Every structure is written in C-alpha cells, then in structure tokens.
Amino acid sequence: MTFSVHGLAVSRGVAIGRAVIVAASRVDVAHYLISPDEVEAEIERLRRARAVVVEDILRVQRSLAELGPNDAHPELTALLDVHLMLLQDEQLTSGVKHWLVERHYNAEWALTTQLEVISRQFDEMEDPYLRERKADLEQVVDRMLRAMRGQAAPIAAPAVAAERASKDEPLVLIAHDLSPADMLQFKQSVFAGFVTDVGGKTSHTAIVARSMDIPAVVGARSASHLIRQDDWVVIDGDAGVVVVDPSPIVLAEYGFKQRQVEMEREKLSRLKHTPAVTLDGQKIELLANIEQPNDTVAALKAGAMGVGLFRSEFLFMGRSGQLPDEEEQYQAYRRAIEGMQGLPVTIRTVDVGADKPLDRGAPRSDDHLNPALGLRAIRWSLADPAMFLAQLRAILRAAAHGPVNLLIPMLAHGSEIRQTLALVQRAREQLDAAGVPHGPVKLGAMIEVPAAALTIPLFLRHFDFLSIGTNDLIQYTLAIDRADEAVSHLYDPLHPAVLQLVASTIAQAREQGKGVSVCGEMAGDVTLTRLLLGMGLRSFSMHPSQILAVKQQILRSDTVKLAGWAQEVLRADDPAALLAD
Ligand code: PEP
Ligand code: MG
C-alpha cells in the first residue's frame, strides 16, 4: 500500500531504492555488499561466530554447575538456555541467510537486518514475557557481532562496496537518528539516500548529508517505524517527502524527475571553469566547506578557490575517546593543504559538543540541559589547553606546506579572544623552542553568537578576517535548537534580526578592509545568493556540491542594483515576501 511520510528537505535530488532500516545502536556495524562467490565465506564467518558464542555459553553453564546446587543461580541457567535456543532459532538463521544470498549483504549487516525484522515481531506481541525476549535476542546478536569482529571479512573496502552497489538494486538508509560521526562512516557507502526520524534542517547530520550530495529527509518523525525492511522507497530531497511502496505511475514520475536533476547537474558542470564574476564585474570568491582531507578532491572538482571551512572536529569523532594526537592531526591538515594545490585552506579548530558528540556513546543532546549553550567549540578547547595546544601546533606545522587560515569557532567574550590568542602564541613558541618548522597563518573568528555580531569592532581589532556561521547565528539569535525538528518551522534565515546581524557584520568588516565570508548553510542556498551579494558579501563558503549552482546565480547578478534592493529587504517586516517577488 502506497503511503508517504513528510519531513524536512535537507539535501537535493531524488533517490529510489529498497529500505534498509538500521537501529541507531547498530549504525557502526559494517555495511557493504559482497559478490555471489563470497556468500559461502560469509556464511562460514557466521557459523564460526555462532560456535564461539555457543561455546562461551556452555562454558558459563559448566562453571555454574560446578558451583553446586546452593550457588547455581537457576534463573541464570534458564536464561542461558534461552540464549542457546535463540542461537539455533530457525527464523534467525534462515532470515540471515536470505539477506546474504538474495541481497548480498555482508554477514554483520545480514545479522542486524534480521534482528530488526524479528524485533518488530516481538514488539507486536501481546505476551509481556515473549516481548521481553527481544532483549535476549539483541544480546545474542551482540555477542555474535563481537565474535565476528575478531575475524577478517572477505572484503572491507567501502569503495569496492559502492561500486558493487551500483550494479545491484539501489538501497536507501532509514534510521531513527544518525550522529554526524555515523554519517561520516556512510560517506562512501552503498546508500543512495537517507531518512531519519529526528533532526533539523541545519543539524550536523543534515549538513553531512548535503556534503555527500545525496537526497536526504530528516525530521520524518516515525519513518523508521512505518517503513519496513526492504520496502521500495522514494526520497524526494527537494520536497522533504518519502513515498513508500510507490505505484508504477508515481515511480515513473520520480524516475523522470531523477533524470531531470541529472541533466541539470550536467548543465551546471559546464560552469566549472567560468570565473565567478557578476554582471557589473565584481569578482566573487567561492570556497568549499569540507569535513575530511579527502573532500578536497570534490572541492577542486567543483572549481572552489580554496577551503573556507575545514570542520576539523570530524577528525576527532568516533574514536572512543582516543583523540588524534598532534602528529596525526598535522598529517591530516597537511593532506588537505597539499590536496588544495596552493589554494588557501581555512582550518577551524575543533567544534564538538551540542549535536556533534565525539562518540555515539558520549552524552547526546537529549541527555543534557541545553547542550547547545554548554561546553562546545572554543569553550571546550579552552577548558583543555593541552589538547588545544596540540591542535594549534599541528595547524601551525601544516601551514609550512601552503597558505592556511586559522579559524576559531563560537567566540563571544573578550577574555576568550585573549586566551585564544595567547595560546596561539604559546603554540608557536613551543614549536620554536623544539626547532620544529611551522608557517604563518591568518587568524579568523567565527561570528556565530549574537554577542559577537554585536561587538564586531572588538573582533576586528584582534583578527585578520571574519567568517559568519549563520547556522549557529540563527540558532542563538532566535533561540531555536537547530537539531530539533519540533521547532524547525521557526528556524528562519530571513528573520529581520538575523539579516541585521549578518548585514552589519559584513559592512563593518568591509569598512575596515578586512576579509569576511559566510560559511553557514545560507552561503550555499541559491535563493539567498542575491541578497547576500546585495549586502556586500564577496566570499561564500559552502559544500562543493552547491558551488556551481551559486555561481550560476552570481553570473546573473548585478551587485549595484542588488545593493539598493537589499537595503529594502533589511527594512522590511517580512523580508521573505520581497525575496519571493
Ligand atoms: C555555522 O554555525 O554556521 C557553521 C558554519 O558552523 P557549524 O555548522 O559547524 O556549527
Ligand atoms: Mg557553528
């Protein structure tokens, strides 16, 4: 039966594929496709894992028996019997085989997929005793996954998996929630699109989806419950709609739309070498936002003139608390700098916290009171000077290999500015003292807290350039959690207060002859390009996938005409109405 689920459109395009429902706790399980001749080997890995778990359980049972009748916990023995029974369960074993043989999922993926299928059946059971057996099944599967971790998989390279996926049926991922670190793992994955139950338009999960340039819908509420494993699904990333089990007519229509999006991309790709110059001759700088050193490939491919925002925190995520040391960071920054072949790279110091936890196990937003107002970004760095100094030294060392801008997130206080600058100086002195080569950097501050936007002269006195983080500036100006879909309708880049802060920041920086760019999602939104140009913005930083569409707008714009119009928009009670004209 066809039905649709509505959410927030976060990443453009249409994806059509079979649903893969992934429980939040199992996102870090490897997902790749195997070839038919690898099926037997994968079945063997499962058999071995099961044998290991069975042997473990039997060993515990034997030691319980040795304790004698007085200490032999009968409940535990009974529970272990249940686990042994579940391991032999026909529905589990035949189901897992089905995903391996028919869909070519790797062993871990097949196992967790079947767990999802059976879990849903347990959820629907009337009998509370039987319903509780779901937890036992999860424990058994977890033990098998752990046993498999020690065994080499026949293949593990995501690139190979991605290539194979394109030959098979496309797959789309449906999950309750995905952390930015999870998304990173899926970056080279087999999935053609994503749907999550939670998340806002500029949540970091949505941002990573956009950077991957694949259709995604977030905030789709109960999508992960309504959609079943293997359902055919259409993700309309432009409208924020997910169509489940579409009729042949609907499918044909979306197939047509998919081809149109392809053609549009093809057309835009011709602009790659066209300089971004407005009709009145203003040169506009188009920069890329990246998360990992390898993203520089996409940045250059899109014709970026540099990296305007390297979100360094992605190097820190998903490492079970083991932060990258100075050397590892240095190598990563160096790779990004060399990847850009002489073009400038703006490295932002670590910005974790709020909706970017270091690990999936780490406290998430909902475990804290107002995490967005807590210890994140520069506050986190200043709270751990040794960690911060290691990052600063790594960036300064990498700066010996090419032009680098050092960008500091979320500053609001004069005291934070002074501490940060003192630490940058100390990092330099430490490198000098150790005789380690390092290079010059331009120092920049992100303007993403209203307090900063209202004290721009202070920032201009201390920094070489400013970068406006509109994602957070909107969040903090309007008191809207950017990751919370419940208030996402109030998250408004065109709120007059936001526009005033953005416009006055641009104007003050330009007056002083200092560089200013926008690196939040507003920079990559083609509906806002003309307005930002009219406000005087000449430097935009965005995901590589958005650069050519923004360039197309720039080529059609006249900044002289736009300046007057932008002033009107800034005075309007309802700026959106003027943009629609
Ligand atoms: C922003 O806040 O606009 C920004 C670019 O930083 P992030 O999205 O990483 O918080
Ligand atoms: Mg920010």
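Computed over heavy atoms, backbone and side chain alike; hydrogens, waters and symmetry mates excluded. Remember, it's 1-based here, ligands and their atoms both numbered in the order they're listed. For the single chain, residues carry numbers from 1 onward in sequence order. Please read all numbers here as calculations on a predicted model, not as lab measurements.
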Legend entry - Under 4.0 Å from ligand 1 - residues by heavy atom, chain and number: His204, Ile207, Leu309, Arg311, Arg348, Asp351, Lys356, Arg376, Met446, Glu448, Gly469, Thr470, Asn471, Asp472, Arg482, Cys519, Gly520

Legend entry - Worked check of side chain to side chain contact (heavy atoms under 4.5 Å, CB included) between Leu411 and Ile447: CA-CA 7 Å; Leu411 289 163; Ile447 303 300; over 6 Å; no

Legend entry - His438-Tyr330 aromatic ring centre distance below 6.0 Å: no

Legend entry - pair Gln430-Leu389: side-chain heavy atoms closer than 4.5 Å: yes

Inset, instruction - Side-chain contact test, heavy atoms from C-beta onward, threshold under 4.5 Å: evaluate it for Cys519 versus Leu287 and give yes or no. - result: no

Legend entry - Aromatic ring pairing Phe194/Phe191, orientation class (parallel under 30°, perpendicular over 60°, tilted between): tilted

Inset, instruction - Would you indicate whether the side-chain heavy atoms of Val218 and Lys201 approach each other to under 4.5 Å? - result: no

Legend entry - Pairwise side-chain contact, Ile554 with Val277, heavy-atom cut-off 4.5 Å (strictly under): no

Inset, instruction - Determine, step by step, whether Arg530 and Ser557 satisfy the side chain to side chain contact (heavy atoms under 4.5 Å, CB included) criterion, reporting the C-alpha distance in whole Å, the side-chain angles of both residues, the deciding distance to 0.1 Å, and the verdict. - result: CA-CA 7 Å; Arg530 283 156 29 92; Ser557 300; 3.6 Å; yes

Inset, instruction - Go through the steps for Met535 and Leu499 under the test side chain to side chain contact (heavy atoms under 4.5 Å, CB included), then give the verdict. - result: CA-CA 9 Å; Met535 287 178 179; Leu499 295 183; 3.8 Å; yes

Legend entry - Residue and atom names of protein N/O/S atoms that fall under 2.8 Å from the Mg ion (ligand 2): Glu448 OE1, Asp472 OD2

